[in-house]
Amino acid sequence: MDPSDNNPSPSQQSLPYITSNNPLQFTIHLPNSTPNFTSIPNSNPNPDPNPNPYSHSDSISDQLLSLSIPTKRRRGRPRSTTTSSLDQHSSVQFSKTLVENSNLVRNLTARKTTASSDASDEIIVINKEATTEALIALTAGFPADSLTDEEIEAEVVSVVGGIEQVNYILIRNHILTKWRVNVSTWITKEMFFDVIPKHCRALLDSAHNYLVSRGYINFGVAPAIKDRIPAEPSKPSVIIIGAGLAGLAAARQLMLFGFKVTVLEGRKRPGGRVYSKKMEGGNKVAAADLGGSVLTGTLGNPLGLLARQLSYTLHKVRDKCPLYRVDGKPVDQDLDRKVETAYNLLLEKASKLRQLMGEVSQDVSLGAALETFRQDYEDAVNEEEMGLFNWHLANLEYANAGLISKLSLAFWDQDDPFDMGGDHCFLPGGNGKLVHALSENVPILYEKIVHTIRYGTDGVQVVAGGQLFEGDMALCTVPLGVLKGGSIKFSPELPQRKLDGIKRLGFGLLNKVAMLFPYVFWGTDLDTFGHLTDNSSSRGEFFLFYSYATVAGGPLLLALVAGEAAHKFETMPPTDAVTKVLQILKGIYEPQGIEVPEPIQTVCTRWGSDPFSLGSYSNVAVGASGDDYDILAESVGDGRLFFAGEATNRRYPATMHGAFLSGLREARNIAHHAKLRTMSLKVEKKPSKNAHYYASVLDDLFREPDLEFGSFSIIFARKSSDLESPAILRVTFSGPQTRNHDGIRPGRHLSNKLLFQQLQSQFNNQHELHVYTLLSKQQALDLREVRGGDEMRLSFLSEKLGVKLVGRKGLGPSVDSIIASIKAERGRRKPGVMKSKATTLKRKIVRKATVVSGGNRSTSSPASSNRIKAVGSSTTAIPLTNVDLEPKPVCAIGSVSSPSLNISVNDNMGSKPAGSNSVHLLLNASIGDKFEGNIGSSTAPILNVVGKTGSNSAGLIYPRSAYDNSTDTCAPPSSGNSASQHTSGDGDMESVMLDGECRM
């Protein structure tokens, strides 16, 4: 059925559903229940054959205002009728925003500017539905009364703020609404000529171009859209690595834009982590979603729009979710509500704690905070209540695919404000149906395992097996787990900024056991039920069951494994896993007199061992933030290599629609860079809003220094052969890592031990300093010739050259241009051409030893001989002797003593008195500052470090740890068990598992 058809068939009229005429919602089926839509219902279940698409605007507005924003902690279990005060607060704030925006739009559209005869000074009136259209725009991520940052950057209006902006917003919202009414049409500008005044045609062009280019309208798989794909591409070639949702979305959009696209996929199938497995046995057949399964929110969800284009009906995941105890008995509902309320209160306390702690909370885990508060109630709870509490923690770990002990207290839920809203739904027949539609007629080469990506100003080269693929640009959509694993080599290496982001973000694990039974024994009045465990370490083991009987086409159950249990599950033999699941099911249903049959077929996933995923989906680990998603999304190589995937989408990470939207985003970015390149314009690099941008660039440049000797590294302004041209010198001071494995000093008794252990461990990772100065090329070459080791070179810098060492910030903004010019020069290399250090060091210069006198150097030097001031920044560890790092004890929340570092650079510590040849490290020093101090002082210099790791901003140092989410390889089942087999995702017998699953 075409969604534009307003005459439902008799079979459709018998179902409670929402018609496609409602642009805010999709066809949603609720089996065996009274229609009760918590989102936006159509008040007429049998719509008029020719309805007014705006006839229910009051109902839409009123009911949308009553929505609460679903939070991550409720992703696993459907939302219950009880809500915490936090949810109520979110609902109130959300409703308040909508009301204010709605009122503003009403006021704007009602207002007329009669004082001026100029039509451009008037607010246009397109129709009487400005409020409804603003709410629809809100579901697409647009504010109702202002421009997004992206719109401002795209200069959609000549002046931000004012009547022109108001008119643009009204036009934008109207275009978006018209497409949402019928997403199977191709929206053109000419469709609006009769309602948009002629003096606003420029705004119409601007709004339409913006929405089309960024994939807000005219995307997908509808015939009217597919027909727009050119028969022959006319634009540059793009190689896409990965045929998951991100890769497929980008491929289709780029083909629509006229690009030549080639998709390289390592598996034998498309979809990536979205995989619907056909299970069959006897006369039973079912489709099991072994990867992404739930459409989390339908308001504005692009996958829901694809379902509308394909005339698919979505199945709402019903709220009913009974929980069962370890012995199989149902959990008392009053007790369930009581523990859930207490759990939500602990989350609220954790939220308040992170506000009090400020930036410190970024280095503390959510688990440490919850455990600290839970201990206060430990004596007041019984075993069953503790089991319920652990079940909620397992649900939380499922939502984040990560251990709560690894999730950042500060940012674990940073994406909650952007939740799509609306119902959580299944797609009957599996999400593989969407994958199939998206991959149709897309040029995909399967079993092409990429291991090298080269990029440069002339284009890209991608090596897969023994084949070389060349193109103008490349889009990498591999999962974060693969980037962490390092199986793909980038040449040149990715910027340090991106590597750090890859390391900081977490990538967790979720596994499933899918079971096809001969018949449904669990009833069809629910979609989910849960099971408690008596061990906190295994709380995520088969904690939640999904009933797919109403959507899979057969009697199918899925058991979920989350948290620590998901990692252990990777090595559990499939037969053992199925046995455990059946024991749980028999414990629940046999006391009710219901026999649990043996399953016809079972499948166990192993996503952590799958080499094409190495995990399930991303999360914000301790030390990371939402900024890291943006960093992963950044292109490199001046618009040659791009990145997409759920881990590059700050607003919608860890979701299928987040991956899809990232593909649309990068298609637009690729088209933008290609257009600028065609116009022979260099892509403008706007100044980074991140204060550490040039520091990151400098780190990248020093990976390949022009000169390197001892602890000294130098990079030159490459273009110039002038010996007076500038050079940047870096000196590295580092020391042995001092770690207290107990995480806390002996004798200290802290009530919140776990919380403070994590804070303390951050200081123990502080162990390297980089300091810099500016030299001329001649001075750098002279320094290289100094004999006697690093101490003599420091003496040369101080006595002969009269320079001092400072931190990156101390170099001043004037050095940024030098850094930028060196980066630009290196960026002009061809793909894959790397200058080796050996080649760099082969200089045609006459080596001439420079002798520096400074007393009797055989034993010690005068106390006044060598003093250099420096500013340090902390990074990673490279051992250097004679550096003593001793962190001070942690005090209280939000108050942590800054570590002191006693640093002496000596050839022989035992032969020199304290105070000789010391290096002073002063934080706020800059080039040109005058050194004032007692050179003859015997006091060891002390650095009071202020600022975060790798930064020079004010504040205490809290180095960040990364989430190392490694898992063991899936162990094959016993060869003696004929019922257990290791297979790939396509059913072929193999010795290794390729598709995240093991089958029986």
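Fair warning: this is a prediction, and the values are worked out from it, not measured in the lab.
- With Asp527 contributing its side chain and Arg318 its backbone, the two residues share a donor-acceptor pair below 3.5 Å.
- Both tests pass for Arg606 against the ring of Phe569: distance under 6.0 Å to the centre and angle within 45° of the axis.
- Taking the six-membered ring where the residue is Trp, the centroids of Tyr324 and His531 are separated by 6.0 Å or more.
- Between Glu564 and Arg539 there is no salt bridge, since no side-chain nitrogen of the basic residue lies less than 4.0 Å from a carboxylate oxygen of the acidic one.
- The main-chain N or O of Thr533 is never found under 3.5 Å from a side-chain atom of Asn390 such that the two would form a donor-acceptor pair.
- Sorted by first and then second residue, the side-chain hydrogen bond (donor to acceptor under 3.5 Å, both in side chains) pairs with a member in residues 243-253 form an empty list; sequence neighbours excluded.
- A salt bridge between Asp319 and Lys316 is present, with a side-chain N of the basic residue lying under 4.0 Å from a carboxylate O of the acidic one.
- Residues Pro302 and Phe219 meet the side-chain proximity criterion, which asks for heavy atoms closer than 4.5 Å.
- Residue pairs satisfying the salt bridge (charged side-chain N to carboxylate O under 4.0 Å, His left out) criterion with at least one member in residues 292-302, sequence neighbours excluded, are absent.
- Residues Leu585 and Phe521 are in side-chain contact: their nearest non-hydrogen atoms beyond the backbone lie under 4.5 Å apart.
- For Lys433 and Tyr312, the positive end sits near the middle of the six-membered ring, less than 6.0 Å away and at most 45° from its axis.
- Here Phe426 and Tyr546 bring their ring centres to under 6.0 angstrom of each other.
- Within a 6.0 Å radius of CD in Glu595, other residues, nucleotides and ligands contribute 12 heavy atoms or fewer.
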